[in-house]
*Asks:* 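Please read through the structure below; I'll follow up with questions.
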There are 2 protein chains.
Amino acid sequence: MGLAKTEIFTDKQNEISQYAKVFGHPARVAILQYLFKLNACVCGDLVDEIGLAQPTISQHLKELKHLGLIKGNVEGTSVCYCIDVGNWTKMKKVMSEFLDQDLDKKECC
Amino acid sequence: MGLAKTEIFTDKQNEISQYAKVFGHPARVAILQYLFKLNACVCGDLVDEIGLAQPTISQHLKELKHLGLIKGNVEGTSVCYCIDVGNWTKMKKVMSEFLDQDLDKKECC
DNA sequence: CCCATTAATCGTAATATTGCAATTAATAAA
DNA sequence: TTTATTAATTGCAATATTACGATTAATGGG
């Protein structure tokens, strides 16, 4: 099939997995880390920084933008990307709630 | 292609994306949440709880086990699964480091 | 206007993922 | 030993993802 049966899961479960999915590729992780590191916006030197072709980077940026984790601003011929702090914070709350579950007496085997 | 060029990324970036990838499907999120909720081990009532066929659940469990996030214990004809607390903690550290980056002055657009 | 620069989009090939029916393996019960 | 129960494995179809070459916007400089 190749497609997840999202309708049988809760909105929260789908939300968590959507965020996780976008982090599920090292290129997108690298892009986000680079945007954080620069402390300022970056354009297409992501293509130089990461060793992937321009269309590939563009595609990854699109997915990050689609989830709202980054914003893009046109500056002349280039486009400046940066973290969307508000949405990043929202995402962190959702992911933390999932990751930080009570670990007391969970093992039995 | 369909395959990520993992060799051009750091070990950390690949580690983060691997963890994220396994959380990138609502069924696996649901399985983990259920294991947390029960406060004890579960066997194959995951098949009843989640609405997917037994082979499908089995496959998802395999992926979670492969990353070490859950453990399985054979008990008679059934297998009891539970969270691997130690590895879950390790994973949390890696993911938190990535998610909790400094958000000060990151936006430009 | 013409050309250079930059990034998005399109098309496509290779591979991965998801899901399940059918089967197999493993153990327990009778 | 036979049978029932449970879970893993196999095989396969449908779809998604990844990557990139080629092309297409879109803007700026001359």
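None of these values were measured; they are calculated from a predicted model. Order of the sequence lines fixes the chain letters, A, B, ..., with proteins taken first and strands second; residue numbering starts at 1 for each chain.
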*Asks:* How many Å lie between NE2 on A/His66 and P on C/dT9, as a whole number?
*Replies:* 12 Å
*Asks:* Determine the minimum heavy-atom distance between A/Leu99 and B/Trp88, stating which atoms define it.
*Replies:* O-NE1, 3.0 Å
*Asks:* Distance alone, cut at 3.5 Å: any donor-acceptor contact between the side chains of B/Thr10 and B/Gln13?
*Replies:* yes
*Asks:* When you look at B/Tyr34 and B/Ile50, which way does the side chain to side chain contact (heavy atoms under 4.5 Å, CB included) test go after all the steps?
*Replies:* CA-CA 9 Å; B/Tyr34 193 63; B/Ile50 303 166; 5.7 Å; no
*Asks:* May I ask you to decide if A/Leu69's main-chain N or O and A/Asp84's side chain share a donor-acceptor pair within less than 3.5 Å?
*Replies:* no
*Asks:* Expressed as a whole number of angstroms, how long is the span from A/Asn14:CG to C/dT18:C1'?
*Replies:* 14 Å
*Asks:* Can you say whether the rings of B/His60 and B/His25 are parallel (under 30°), tilted (30 to 60°) or perpendicular (over 60°)?
*Replies:* tilted
*Asks:* A/Phe98 vs B/Phe23 aromatic rings, parallel, tilted or perpendicular, using cut-offs 30° and 60°?
*Replies:* perpendicular
*Asks:* Could you tell me the separation between the CG atom of A/Leu61 and the C1' atom of C/dA7, rounded to a whole number of Å?
*Replies:* 10 Å
*Asks:* Counting only side-chain nitrogens and oxygens, does B/Tyr81 get under 4.0 Å of the OP1 or OP2 atom of D/dT6?
*Replies:* no
*Asks:* Hey, which of these two, B/Gly76 or A/Ser58, hits DNA chain C nearer its 5' end, going by closest nucleotide?
*Replies:* A/Ser58
*Asks:* How many whole angstroms separate atom CG of A/Leu46 from atom P of C/dA8?
*Replies:* 10 Å
*Asks:* In whole angstrom, what separates B/Asp45's CG from D/dT5's C1'?
*Replies:* 14 Å
*Asks:* Expressed in angstrom and rounded to an integer, what is the separation of A/Lys62 atom NZ from C/dC10 atom P?
*Replies:* 7 Å
*Asks:* Let me have a per-nucleotide readout for nucleotides 17-26 of chain D, 5' to 3', with B, S or -, counting only protein heavy atoms under 4.0 Å.
*Replies:* BBBBBB----
*Asks:* Would you kindly give the CG-to-C1' distance between B/Leu64 and C/dT17, to the nearest whole Å?
*Replies:* 15 Å
*Asks:* What is the distance, rounded to the nearest whole Å, between atom CD of B/Gln18 and atom P of C/dT17?
*Replies:* 11 Å
